[in-house]
Amino acid sequence: MAVVVASVLAAGALAPAASARPAPVSPSSYQRAIPPLTDDRGRTLTLRGWNVEDKVNRGEDALSAITERHFRDLRAGGFNFARLLVFWDDLEPRRGQYSARYLHTIERILDWARKYRVHVLIDAHQDVFGPAFGHRGIPEWATRTDGLPFTPNPDDWFSEYFQPAVQRAFTHLYEDPDLQRAQAAMWQVLAERFRDHPAVIGYDLINEPMGELREGEDLATAARRIEAEHLTPLYNRLARAVRTKDRDTWIFVEPTPIVGEGVPTGLGRIKDNRTVYAPHFYNTAMEAGADYDPDAGWIEAYEAAVTAYPARHRMPVVVGEWGPLNNALPNMGRFYREAVASLNRYSSGWAGYVWCYGGGYCAVDERGRFRTNKEQTATPYAPAVAGTVRSDTYDAGTRTYRLVYRAAARPGVTELSLPPTPQGWRVTVTGRAHVLGASSSRGAWPVVLAWPGSEVVVTVREAGPYGRTDHP
């Protein structure tokens with residue numbers, strides 16, 4: 001059964017919901033129901049950024065591939081968000097013994113983020129469960145397989161999730177009381193240490209959780225059952241544990257990765273009023289090397305599926321990972337345009353995969369220049385709005401950003417992010433408001449000050465040849 005499932009997965013033909021082009025999603029059907037992410041001043045937040053990781057180094061060298069340059073370059077590129085991958089097997093290599101060195105390294109990274117004003121989501125990451133199967137995540141001491149087999153598949157690592165030993169390990173993690181306590185204790189250590197760090201915006205409780213399929217069960221049905229019966233109790237359990245140490249930081253919860261095929265989640269209610277829905281946005285065919293197929297309706301199916309749950313439960317949405325491996329294929333320019341437009345319709349933000357300097361998934365090359373098509377992720381936006389947003393749109397064709405909002409009753413600062421461009425940007429504001437700060441070819445972060453309660457329209461356009469910014 002695992003072989004069959006893995007083969008179907010690699011072929012990118014798992015979900016009937018994504019196999020035919022669906023009717024277009026009307027944003028009005030969910031936009032008013034999905035609340036925005038907010039900061040401690042009540043401002044509406046938008047997060048734009050990238051994952052930051054070191055999956056190679058362990059022990060004393062853990063996270064050493066992450067440097068201050070990552071955060072300096074993120075900020076210079078107009079981004080304000082990093083999803084930081086941390087690993088339970090590094091934090092607690094032996095049961096009950098937490099690594100002070102690892103916690104100190106995380107704190108140093110968070111200090112860099114604070115210096116460059118980048119919000120950080122601490123992500124408890126796992127790939128194919130953990131080191132027992134040649135990957136990272138859950139420690140070996142917390143891995144129980146009941147002696148079931150595992151055969152590595154380096155040519156298709158995701159298919160390893162369907163190996164019997166890996167699936168059984170997830171079942172034990174979800175069901176064994178001592179492992180439940182250990183996972184909760186791990187999160188309490190992180191929450192207690194970093195609850196007051198100004199860079200930390202949230203905790204992502206587990207990356208891309210999976211589970212054990214039952215005989216005769218198709219993958220979509222299995223995913224919804226795992227989400228309902230295992231992940232919902234897991235998230236409520238871990239949320240309660242975190243709240244004993246940290247009452248305020250946002251908690252991020254993920255469905256299984258199968259949601260990427262346009263399969264609605266089976267997650268139930270998370271009993272915490274500061275919870276964010278954090279799905280990933282991957283297509284299995286594209287992950288296997290295929291080009292984007294604009295006629296397949298994948299983005300439309302995903303948007304329809306992914307918005308139903310947060311609209312029903314009144315949760316903000318932040319997409320934790322997205323981006324194809326082969327970004328230079330013929331249709332990838334269109335993919336990035338359509339993907340960014342879709343993500344911006346319903347989410348409070350997203351983190352591309354991954355901010356590194358090289359090839360493959362890396363956002364930029366060794367010199368820090370965007371790789372083909374990935375520059376389309378860098379557009380003007382409003383990281384924080386002191387008021388109620390009426391509309392927030394970007395037209396890639398005309399390079400025009402437009403923000404309409406009603407200023408809050410209390411005075412507040414609305415922030416703009418203008419990424420680097422040779423021409424610079426021209427900012428105009430109508431309403432009882434004015435803008436402070438000039439743009440340049442290096443990018444800028446001007447702010448808007450508005451009279452309380454006034455209607456404000458901010459328009460940002462690429463400027464003329466001199467990179468001049470007009471202030472009304």
Side-chain angles (χ1 to χ4, degrees), residues 2-21 50-51 53 55-56 85 125-128 133-136 151-163 166 207-208 210 219-220 223 256-263 279-303 305-306 319-343 350-366 369-377:
V3 172
V4 172
V5 170
S7 299
V8 174
L9 179 71
L14 290 173
S19 63
R21 192 175 187 90
W50 294 81
N51 284 257
E53 68 176 28
K55 292 186 177 182
V56 176
L85 279 58
H125 206 82
Q126 66 80 31
D127 292 316
V128 193
F133 308 111
H135 296 272
R136 304 299 310 281
T151 303
N153 185 1
D155 294 328
D156 181 13
W157 68 269
F158 194 83
S159 69
E160 294 175 359
Y161 274 111
F162 302 95
Q163 289 284 325
V166 175
N207 175 71
E208 296 186 350
M210 293 289 280
L219 189 53
T256 67
I258 311 308
V259 72
E261 291 303 314
V263 178
H280 292 181
F281 180 38
Y282 289 124
N283 170 269
T284 51
M286 291 166 65
E287 289 301 291
D291 198 359
Y292 173 56
D293 181 359
D295 296 323
W298 169 56
I299 290 178
E300 294 89 341
Y302 178 86
E303 186 171 333
V306 84
V319 173
E321 287 187 27
W322 74 281
L325 174 62
N326 297 326
N327 53 286
L329 294 173
N331 289 333
M332 285 302 176
R334 179 170 176 178
F335 166 73
Y336 272 94
R337 289 192 299 273
E338 294 182 356
V340 168
S342 175
L343 290 167
W350 40 258
Y353 188 83
V354 56
W355 192 270
C356 55
Y357 303 88
Y361 282 101
C362 287
V364 293
D365 63 18
E366 292 83 354
R369 300 170 303 187
F370 274 114
R371 299 178 61 237
T372 304
N373 291 314
K374 298 193 177 190
E375 74 282 351
Q376 295 190 57
T377 62

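Using modelled atom types, no side-chain atom of N373 and backbone atom of A328 make a donor-acceptor pair closer than 3.5 Å. The backbone N or O of E208 sits less than 3.5 Å from a side-chain atom of Q126, completing a donor-acceptor pair. Side chain of W298 to main chain of G260: a donor-acceptor pair is present (N/O by atom type, distance under 3.5 Å, no hydrogens or angles).
Between L325 and Y282, every side-chain heavy-atom pair lies at or beyond the 4.5 Å cut-off. Proximity of L219 to F162: side-chain heavy atoms (C-beta onward) are separated by under 4.5 Å at one or more points. Counting heavy atoms from C-beta on, the side chains of T284 and F158 never come closer than 4.5 Å. The shortest side-chain heavy-atom distance between M332 and T372 does not fall under the 4.5 Å cut-off. Looking only at side-chain heavy atoms (C-beta outward), W50 and C356 stay at 4.5 Å or farther from each other.
The two atoms that bring M286 and D291 nearest to each other are CG-O, 4.1 Å, heavy atoms only. I299 and A339 make their closest contact through CD1-N, 3.8 Å (heavy atoms, listed as atom of the first residue, atom of the second, distance). Scanning all heavy atoms of the two residues, the minimum distance from V259 to P279 falls at CG1-CB, 4.1 Å. Of all the heavy atoms in V319 and Y302, the pair that sits closest is CG2-OH, 4.3 Å. Closest non-hydrogen pair, N153 versus S159, comes out as ND2-OG, 3.0 Å. Heavy-atom minimum distance, Y361 versus K374: O-NZ, 2.7 Å.
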**OP:** Any chance you could lay out the side chain to side chain contact (heavy atoms under 4.5 Å, CB included) test for E321 and N207, step after step, and finish with the verdict?
**Re:** CA-CA 10 Å; E321 287 187 27; N207 175 71; 3.3 Å; yes
Subject >> R337 vs R334, side chain to side chain contact (heavy atoms under 4.5 Å, CB included): CA-CA, chis, key distance, verdict >> reply: CA-CA 5 Å; R337 289 192 299 273; R334 179 170 176 178; 3.6 Å; yes
**OP:** Go through the steps for H125 and K55 under the test side chain to side chain contact (heavy atoms under 4.5 Å, CB included), then give the verdict.
**Re:** CA-CA 10 Å; H125 206 82; K55 292 186 177 182; 3.8 Å; yes
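Ring geometry for Y161 versus W157: interplanar angle of 30 to 60°, hence tilted.
Between the side chains of E160 and H135, at least one donor N or O sits under 3.5 Å from an acceptor N or O. Using modelled atom types and a 3.5 Å distance limit, the side chains of Y353 and W355 yield no donor-acceptor pair.
For the ring-ring contact (aromatic ring centres under 6.0 Å, His included) test, residues two or more places apart in sequence or in another chain that qualify with Y292 are F335.
Taking CZ of R136 as the reference point, atom CG of L85 lies at 10.0 Å (rounded to 0.5 Å).
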